[in-house]
Asker: 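Next up is a structure, given as structure tokens.
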Amino acid sequence: MPKGKPLTEAELCSRRREIAHASIDLFLTAGFPETSMRAIAEAAGMGKSSLYDYFATKDDILLFMLDEFTLALAESAEAIARRDAPPDARIRQIMEVQLSYLQANNQLFWLLSAEAQRLRPESQQRIHQRRYAFQDLVASLIEAGIAEGRFRPVQPLNAARLLTNSLMTVLYTTRPAGSPEAMLGEAVDIFLRGIAPEGAQG
């Protein structure tokens, strides 16, 4: 830990956040594998030995960024999930929040996507667990909608994967059919109601 007067947990987190933010530009411009801990220390305005007091490896810096992003998203999504509203309304709100977070953290998302396969297996598993937790939350709302008769019986987790993955086509398509918000709204409509006309028989 940093020498001298011990830092509070809040102070440690704040300093780690500063280091992580200083690292993002380096990772994006030079590449994650090519960025050295020395370069990160220089960008953060500290010595290399001091950097190791906060992060042991570059993996740890990337995972700290992931934790910061996913914790904020998870807290917002869980708050929505607890609201007294129909499951379909809560699903739509959660998807809108996720879109907003991905738009605000676009560079970090691309960095994590590009470098995930290069991380240590245990680090990759940690990323997977964050994604699984979000999918499980959406799946629980789909399951609640099925129990209430609002949705037809489907496999909730499979449906949650399909819905959450639709954000990638909304955000990163090379052929946009409107704003990301409008495309997400229609994607959720299609997911919840399908594309068959009212009263059509399968």
Asker: Determine which pairs satisfy salt bridge (charged side-chain N to carboxylate O under 4.0 Å, His left out) with at least one residue from residues 68-78, sequence neighbours left out, and list them in order.
Answerer: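 Residue pairs passing salt bridge (charged side-chain N to carboxylate O under 4.0 Å, His left out), neighbours aside: Arg17-Glu68.
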Asker: Using salt bridge (Lys or Arg N to Asp or Glu O under 4.0 Å) as the criterion, list what pairs up with Arg38, not counting sequence neighbours.
Answerer: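 Listed in chain order: nothing, the list is empty.
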Asker: State which residues pass salt bridge (Lys or Arg N to Asp or Glu O under 4.0 Å) with Glu143; sequence neighbours excluded, sorted by chain then number.
Answerer: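 Per chain and number, Glu143 pairs via salt bridge (Lys or Arg N to Asp or Glu O under 4.0 Å) with no residue.
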Asker: In chain order, what residues pass the side chain to side chain donor-acceptor pair (under 3.5 Å) check against Thr8, with sequence neighbours excluded?
Answerer: Glu11
Asker: Enumerate the side chain to side chain donor-acceptor pair (under 3.5 Å) contacts for residues 150-162, please, sequence neighbours excluded, ordered by first and then second residue.
Answerer: Glu148-Arg150
Asker: Hey, any chance Leu71 and Ile61 share a hydrophobic cluster, counting ILVMFWY side chains that come within less than 4.5 Å of each other, even indirectly?
Answerer: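 Different clusters.
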Asker: Just to verify, what does Phe64 make a ring-ring contact (aromatic ring centres under 6.0 Å, His included) with, not counting sequence neighbours?
Answerer: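 Here the qualifying residues are Phe55.
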Asker: If you group Ile, Leu, Val, Met, Phe, Trp and Tyr by side-chain heavy-atom gaps below 4.5 Å, do Phe69 and Tyr132 land in one group?
Answerer: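 No, no single cluster joins them.
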Asker: Please name all residues satisfying side chain to side chain donor-acceptor pair (under 3.5 Å) with Gln98, sequence neighbours left out, ordered by chain then number.
Answerer: none
Asker: Does Met37 offer a backbone N or O that forms a donor-acceptor pair with the side chain of Lys58 under 3.5 Å?
Answerer: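 Absent.
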Asker: Would you mind listing every ring pair (Phe, Tyr, Trp, His ring centres under 6.0 Å) that reaches into residues 73-92, with sequence neighbours excluded?
Answerer: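 Checked against ring pair (Phe, Tyr, Trp, His ring centres under 6.0 Å) - neighbours excluded - no pair reaches residues 73-92.
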Asker: Does anything in residues 155-194 pair up under ring pair (Phe, Tyr, Trp, His ring centres under 6.0 Å), and if so which pairs, sequence neighbours excluded?
Answerer: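 Non-adjacent pairs meeting ring pair (Phe, Tyr, Trp, His ring centres under 6.0 Å): Phe109-Tyr172, Trp110-Tyr172.
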Asker: Asp25: which residues meet the salt bridge (Lys or Arg N to Asp or Glu O under 4.0 Å) condition with it, sequence neighbours left out?
Answerer: none
Asker: Apply side chain to side chain contact (heavy atoms under 4.5 Å, CB included) to residues Gln129 and Arg126 and explain how you reach the verdict.
Answerer: CA-CA 5 Å; Gln129 291 302 323; Arg126 187 164 160 184; 5.7 Å; no
Asker: How would you list all residue pairs meeting salt bridge (charged side-chain N to carboxylate O under 4.0 Å, His left out) that involve residues 83-106, not counting sequence neighbours?
Answerer: Arg92-Asp189
Asker: Which residues satisfy the salt bridge (Lys or Arg N to Asp or Glu O under 4.0 Å) test with Arg120, sequence neighbours excluded?
Answerer: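 For Arg120 the salt bridge (Lys or Arg N to Asp or Glu O under 4.0 Å) partners, ignoring immediate neighbours, are Asp59, Asp60, Glu122.
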